[in-house]
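Just below is one structure, and these are the notes that go with it.
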Amino acid sequence: MRWHISPSFLLTGILLFLNIQSLNADETSIHFSEQTEAAGIRFKHINGASEEKYLPETMGAGCLFFDYNNDGFLDIYLVNSGKSCENASQPRTQPDEMNVLYRNNGDGTFTDVSAKAGFQKNNGYGMGCLSADYDNDGDADLYLTNFGRNQLYRNNGNGTFTDVTSDAGVGDSHWSVSASFGDYNLDGYLDLYVVNYLDYQIETAHACLLEGVHIYCGPHEYPGASDTLYRNNGDGTFTDVTGRSGVRNAGKGLGVLFTDYNSDGYPDIFVANDAVQDFLYRNNGDGTFTDVAITAGIAYNSEGRSTASMGIANGDYDNDGLLDLFVTNFSLEVNSLFHNDGDGFYTMTTFETGLAEPSFSQLGFGTQFLDADNNGVLDLFVANGHVWDNVAHITPSLAYKQKCQLFENTGTGNFKEITKAAGMFFTRPVVARGTAIGDYDNDGDADILVSCCSESTVLLRNDSRVANNWLKVQLVGTKSNRDGIGAKVQVQAGEKTQVKEVTCGGSYASGNERTLLFGLGTHSKVQSIEVRWQGGHIQRLENISANQVTRIKENR
């Protein structure tokens, strides 16, 4: 979140904004309908906005799709912040300040089961949420990031959760925003990377003015806080290995993702930092990491400048078999699409792919790749919303509430914006933050969950007017971690080959459905599914019928 913009960069952006024709919202078969009220989701985020404009007030919060009770339907977890970020370490017990767990009833509706599940209080001013089976017992556990102490909830397997933060040793007390689970040492247990933002204390916070207007301060006003890497000991506890692993940097982080960018079988770590260079920690395979972001071409944008990186999307947008990265940025910056060149390097392709101009006046947070019409190429969703509630007083062309955006992949390496034609929600400005993708109604297409700051959460059902086929792949690890996080799945249908990675994290302070969804177009069969598990073991299935969930258990 930065507002120091060089005159040359601003001029470049203005010229770009004025001289490049906006892509019109062409007719599209992709369509989403808002189902929030019909589904019984009645959650409104509270940020406790104050006259002091404490910075945490404008940053929350995240959302999550996960199946906590293993009934085959995606449930929803929503993070709240609170009526005040002062005394953030104090538990919050008021109903309107609580995080909420919604159980999927299997008929398109949800029931609030927070109290029944054991969530009687929030221990901090909430930021994000993440789910993974950290103890390999077959059910989805829950990790929460806070301004204040973080929390780990173990799933008891009977519809309830137990707070095991102290016993597990993962109660990071920094200002944590996002987190990611991944097995960096390939021992079969998921490790945890927690990305921390600023060394920010309410007691020493100061006011910030821009052109005489009192605004929420930017990240340049405070030092960064070091991230934390926890190694899973395999016995329900974790060890802080931040220093010995080589990832101790005060980077002002907002987004993070374990991903094997160089396909060597070891998960690397990408960290999106606000107003300083981003990190790409290459896994050395010996328990240590080396930051190679600068040499890989992903630390800065194509002009060599650091950006206000918020959210992360990970996917192979051009189907070349390599996973690319998309990063959302501040207004009057363009978002960053980094193409994975396959040789350890990335190239920023935002301008070439048509994503630059539409993002210039937006401030992006959560983001995800998704195949909205199941045609076999990845489209892109971006959640937008400014951080200054009074930004229009400074720059009249900008707005606090902004429209989320949807970009359709043309199949030729480019994107076209279809926001105006994608549904009524996309015409309504909001202050969007976290984003999660999952098929909550089990009809074979990707739905969208959007959390908003000081506003109601939005549930979007995919009602796209297409008859394309699909295939879901659900992995169960045995020697690998049970969730199969870190495995890569290759699906061939016709002459098109798609590659996806099972990940946990990304977006902004949010988490997606773990099962992988592949759009197959008109193909009714898949020639082959190839799973490359962590450690290099390859498993292959052939001649699989479309429109089903294929559950693959690791056979070693």
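Residues take their numbers from the sequence shown, with the count starting at 1.
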Is [Y] close to [X] at the side-chain level, that is, under 4.5 Å between some pair of heavy atoms?
X: Arg244; Y: Thr239; answer: yes
X: Val247; Y: Asn249; answer: no
X: Ser510; Y: Thr435; answer: no
X: Tyr143; Y: Val194; answer: yes
X: Tyr193; Y: Val271; answer: yes
X: Ser361; Y: Leu398; answer: yes
X: Arg231; Y: Tyr189; answer: no
X: Leu325; Y: Ile312; answer: yes

Are [X] and [Y] close enough that a side-chain donor and a side-chain acceptor fall under 3.5 Å?
X: Thr307; Y: Ser309; value: yes
X: Asp172; Y: Asn150; value: no
X: His174; Y: Ser226; value: no
X: Thr353; Y: Asn414; value: no
X: Thr290; Y: Asn284; value: yes
X: His45; Y: Thr457; value: no
X: Ser336; Y: Asn301; value: no

Between [X] and [Y], is there a donor-acceptor pair closer than 3.5 Å when you use the side chain of the first and the backbone of the second?
X: Ser451; Y: Gly434; value: yes
X: Tyr261; Y: Tyr346; value: no
X: Ser178; Y: Tyr508; value: no
X: Asn99; Y: Asn122; value: no
X: Thr165; Y: Leu152; value: yes
X: Asn384; Y: Lys403; value: yes
X: Ser180; Y: Cys504; value: yes
X: Tyr125; Y: Asn47; value: yes
X: Thr328; Y: Asn335; value: no
X: Asp318; Y: Gly413; value: no

*Result of checking Glu221, Glu57, Glu52 against Tyr216 for side chain to side chain donor-acceptor pair (under 3.5 Å)*: Glu57
_Check Arg305 with Glu333, please: is the shortest side-chain N to carboxylate O separation under 4.0 Å?_
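Judged by the 4.0 Å cut-off on N to carboxylate O distance, Glu333 and Arg305 do not form a salt bridge.
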*Presence of salt bridge, Lys53 and Asp389, under 4.0 angstrom*: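 Salt bridge present between Asp389 and Lys53.
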*Can you check side-chain contact (heavy atoms from CB on, under 4.5 Å) on Val213 and Trp388, steps first, answer last?*
CA-CA 10 Å; Val213 178; Trp388 301 335; over 6 Å; no
Are the aromatic ring centres of [X] and [Y] under 6.0 angstrom apart?
X: Tyr317; Y: Phe415; result: yes
X: Trp175; Y: Phe147; result: yes
X: His393; Y: Tyr400; result: no

Quick one: pull up [atom1] in [X] and [atom2] in [Y] and give me the separation to the nearest 0.5 Å.
X: Leu517; Y: Ile437; atom1: CG; atom2: CD1; answer: 10.5 Å
X: Leu142; Y: Cys129; atom1: CG; atom2: SG; answer: 7.0 Å
X: Leu254; Y: Met59; atom1: CG; atom2: CE; answer: 4.5 Å
X: Phe330; Y: His386; atom1: CZ; atom2: NE2; answer: 4.0 Å
X: Asp324; Y: His339; atom1: CG; atom2: NE2; answer: 5.0 Å
X: Gln405; Y: Leu355; atom1: CD; atom2: CG; answer: 9.0 Å

*Any idea how Tyr281 and Phe289 line up, ring-wise: parallel (<30°), tilted (30 to 60°), or perpendicular (>60°)?*
perpendicular
Determine the minimum heavy-atom distance between [X] and [Y], stating which atoms define it.
X: Gly364; Y: Val382; answer: CA-CG1, 4.3 Å
X: Leu378; Y: Asn409; answer: O-ND2, 2.8 Å
X: Asn283; Y: Gly285; answer: OD1-N, 2.8 Å
X: Ala432; Y: Cys404; answer: CB-SG, 3.7 Å
X: Met127; Y: Val79; answer: N-CG1, 3.7 Å
X: Thr145; Y: Ala179; answer: CG2-CB, 4.2 Å

*Evaluate side-chain contact (heavy atoms from CB on, under 4.5 Å) for Leu406 paired with Phe425, printing each intermediate quantity in order.*
CA-CA 11 Å; Leu406 189 62; Phe425 166 73; over 6 Å; no
*Under the side-chain contact (heavy atoms from CB on, under 4.5 Å) criterion, do Asp199 and Tyr222 qualify, and how do the steps go?*
CA-CA 6 Å; Asp199 183 4; Tyr222 298 92; 5.9 Å; no
_Between Leu280 and Asp278, does the side-chain contact (heavy atoms from CB on, under 4.5 Å) criterion hold? Intermediate values first, please._
CA-CA 7 Å; Leu280 179 60; Asp278 294 335; over 6 Å; no
*With disulfide (SG to SG under 2.5 Å) as the test, would you mind laying out the steps for Cys208 and Cys217 before giving the verdict?*
CA-CA 5 Å; Cys208 289; Cys217 292; 2.0 Å; yes
*asked:* Does Phe426 have more than 12 heavy atoms from other residues, nucleotides or ligands lying within 6.0 Å of its CZ?
replied: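 Yes, because the 6.0 Å sphere around CZ of Phe426 holds more than 12 heavy atoms from other groups.
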*asked:* Tell me whether Arg532 at atom CZ has more than 12 heavy atoms from other residues, nucleotides or ligands lying less than 6.0 Å away.
replied: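 Counting other residues, nucleotides and ligands, CZ of Arg532 stays at 12 neighbours or fewer.
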_With side-chain contact (heavy atoms from CB on, under 4.5 Å) as the test, pick out the partner of Glu501 among Asn314, Leu516, Ile485._
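Exactly one candidate clears the test, Asn314.
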_Pairs meeting criterion salt bridge (Lys or Arg N to Asp or Glu O under 4.0 Å) with involvement of residues 77-92, two or more places apart_ =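 Checked against salt bridge (Lys or Arg N to Asp or Glu O under 4.0 Å) - neighbours excluded - the pairs reaching residues 77-92 are Lys83-Asp96, Arg92-Glu97.
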*Which residue pairs pass the salt bridge (Lys or Arg N to Asp or Glu O under 4.0 Å) test when at least one of the two sits in residues 205-218, sequence neighbours left out?*
none
